[in-house]
**Student:** 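Quick one: the structure is below, questions incoming.
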Amino acid sequence: MESAAEKAKILIVDDVAEKRLAVEVVLQNLGQEIVSVGSGAEALRRLLNEDFAVILLDVNMPELDGFETANLIRQRRQSEHTPIIFLTAFPDDTYAHRGYSLGAVDYILTPVVPEVLRTKVSVFVELYRMTQQVRRQADERIALAHEHAARVAAEQANRAKNEFLANVSHELRTPMNAIIGMTDLALREELLPLVREFLTTVRSSSQVLLELLNEILDLSKMEAGKFTLQNTPFGLRELVDDLARAYGFRATDKGLALGIKISEQVPDQLLGDPLRLRQILNNLLSNALKFTDRGRIGIEASLHYATEHEAHVYFAISDTGIGISAADQERIFTPFAQVDASSTRRHGGIGLGLAIASDLIRAMGGKLSVESKPGDGSRFCFTLLLRLAPKTEKVGAPKEAAESADAARAGLARNGAHSNGGPATKLHVLLAEDVRANQMLVQHAMRQRGHTIDVASDGREAVECATHATYDVILMDVQMPELDGFQATAAIRALPNGARVPIIALTAHAMPGDNERCLAAGMNGYMAKPLDVVQLVETVENCARQAAEGSCCADTM
Ligand code: ADP
């Protein structure tokens with residue numbers, strides 16, 4: 001049985017009710033909807049809003065006859081192609097010709113032969129159905145094509161947005177490098193207390209700005225699918241201890257306790273991306289600290305299960321802070337979402353930390369979730385499946401490309417390399433770098449330590465310098481005009497005195513794989529920009545010392 005919606009409509013137009021009825025009776029068992037009207041005018045009215053499969057039109061009618069009605073039917077766009085079958089009692093050829101010239105498709109003599117009428121009408125009904133079907137399919141295809149075009153346009157716009165964000169934040173990081181570096185240098189001079197205070201504020205504000213830029217860069221890289229996870233061995237306890245040290249001071253400053261609980265069952269030597277794991281925990285811990293005024297914050301790691309090769313580790317960062325309502329818990333993981341815009345002014349942040357953390361955790365195969373109650377505090381948790389590091393691999397603390405200045409300073413304080421006195425050996429350093437601000441930064445950093453430094457503004461100049469002088473260390477920017485850092489390194493390595501000089505790449509991208517590319521090009525390692533001057537000096541001096549002792553300097557800085 002066909003539903004009413006699927007039935008085709010047949011229009012019968014005849015001024016004589018009995019004749020209409022006779023036709024209706026014949027067509028009834030076609031199972032379609034029959035509309036019967038008594039005049040041409042009424043037929044035209046119905047045709048305004050309804051779609052018919054076929055029209056059976058009496059020729060002889062008062063007022064508008066069949067021919068005039070057909071003429072008007074054809075003039076309307078909606079019915080210009082609806083098949084018309086004339087019904088007439090006169091078997092006259094001139095009638096037939098006039099009808100065809102007005103657009104009739106057929107002619108039936110009355111009284112009708114039921115079988116003939118039914119067969120002809122059912123052919124038109126079938127034709128109508130097929131046309132409708134083709135039209136529907138065409139509509140669907142057009143809709144799909146529109147949808148596809150809209151999706152492609154949206155993807156293109158999104159890609160353009162991400163590229164724009166990545167480029168802008170990358171470009172902004174270069175001057176930030178100079179601002180932070182120069183401020184660091186200035187802070188190591190003797191200063192009036194007030195000037196020191198101003199510069200300290202400049203230093204901490206620029207650090208915040210740099211962190212924001214890094215977050216934007218990270219998010220755009222992730223959205224553009226341009227980031228890859230490392231798979232290196234690391235010690236989980238050492239990583240957490242590092243974080244605890246950094247956050248311990250800040251928590252104490254706020255009068256908060258910091259609790260660390262790593263269950264004994266959690267294996268220590270794991271394989272994964274320690275930098276990204278640290279970034280995730282950093283984001284969650286800095287939020288916990290920001291949004292908690294009394295009580296405690298906690299780091300927790302426990303084992304869900306372990307096999308011979310892998311461990312399912314559960315992480316949780318908890319606090320006793322302001323908490324988050326159920327409604328807000330739904331939206332805080334989307335970029336730029338913040339519960340309370342005024343908190344941005346108080347605490348800083350632009351609502352990207354959780355979006356980045358949850359994207360990173362997802363990329364590592366986990367899911368970030370939150371349990372929280374306003375007023376009581378929050379607990380952010382996730383589980384990661386991490387492979388166990390093979391016993392033979394050396395496991396150490398993750399070396400962060402852009403390790404924080406505090407940590408670097410702590411390291412220097414430990415080995416005393418940066419005491420006020422200069423280093424034991426004066427070095428001759430070559431810097432190949434095209435950005436003026438970076439040149440100044442490195443020059444000052446080296447001269448402060450009593451080293452001498454030559455500066456080349458592009459790769460070709462660097463090769464020339466290395467041809468005529470001998471250096472203890474070469475610092476090589478990767479992106480430069482004329483010859484880039486890789487080409488310049490290859491040329492220097494081919495020089496008689498260039499085979500053994502330590503060359504350290506300075507790269508602004510800090511992308512996974514950079515280290516391998518630098519090593520493959522003949523460099524000894526790389527440092528990610530923005531440069532931390534303290535770390536830079538330490539690296540240069542270590543490298544020179546190791547080269548003098550005959551061992552190569554470390555490959556990742
Ligand atoms: P940001 O902290 O930079 O604003 P996040 O994406 O890290 O961005 O966090 C988004 C929002 O989620 C924060 O602005 C804050 O409103 C809420 N939030 C995150 N962590 C906590 C927490 N531990 N306690 C209370 N609110 C939080």
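Every number for a ligand or one of its atoms is a count from 1 in the order of the listing. All values derive from a computational prediction rather than experimental measurement.
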**Student:** Taking only Lys NZ, Arg NE, NH1 and NH2, and the carboxylate oxygens of Asp or Glu, determine whether D319 and R296 approach each other closer than 4.0 Å.
**Tutor:**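 Between R296 and D319 there is no salt bridge, as every charged N stays at least 4.0 Å from the carboxylate O atoms.
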**Student:** Calculate, to the nearest 0.5 Å, the distance between atoms OG1 and CZ belonging to T183 and R188 respectively.
**Tutor:**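 T183 atom OG1 to R188 atom CZ measures 12.5 Å (nearest 0.5 Å).
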**Student:** Working to the nearest 0.5 angstrom, can you tell me the gap between I299 CD1 and D241 CG?
**Tutor:**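 It is 9.0 Å, given to the nearest 0.5 Å.
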**Student:** Inspect the contact between D242 and R245 and indicate whether a charged nitrogen and a carboxylate oxygen are less than 4.0 angstrom apart.
**Tutor:** yes
**Student:** I need the atoms of ligand 1 closer than 4.0 Å to a non-hydrogen atom of G353, numbered in the order shown.
**Tutor:**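 The atoms of ligand 1 under 4.0 Å from a heavy atom of G353 are 5 (P), 6 (O), 7 (O), 8 (O).
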**Student:** Report the relative orientation of the aromatic rings in H312 and Y305; use parallel for angles under 30°, tilted for 30 to 60°, perpendicular for over 60°.
**Tutor:** tilted
**Student:** Going by heavy atoms, is F333 under 4.0 Å from ligand 1?
**Tutor:**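 It does not, in that no heavy atom of F333 comes within the 4.0 Å cut-off of ligand 1.
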**Student:** Any N or O on L354 sitting closer than 3.5 Å to an N or O of ligand 1?
**Tutor:** yes
**Student:** Count the heavy atoms of every other residue, nucleotide or ligand shown that sit under 6.0 Å from CZ of R237, and state whether that count exceeds 12.
**Tutor:**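 Atom CZ in R237 is crowded, with more than 12 foreign heavy atoms closer than 6.0 Å.
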**Student:** Any nitrogen or oxygen of D319 lying under 3.5 Å from a nitrogen or oxygen in ligand 1? Just yes or no.
**Tutor:** yes
**Student:** Does ligand 1 have an atom that lies less than 4.0 angstrom from a heavy atom of K290?
**Tutor:**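 K290: in contact with ligand 1 (<4.0 Å).
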**Student:** Within less than 4.0 angstrom of ligand 1, does G321 place any heavy atom?
**Tutor:** no
**Student:** Could you list the atoms of ligand 1 found under 4.0 angstrom from a heavy atom of L352?
**Tutor:**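 Going through ligand 1 atom by atom, the ones under 4.0 Å from L352 are 6 (O), 8 (O).
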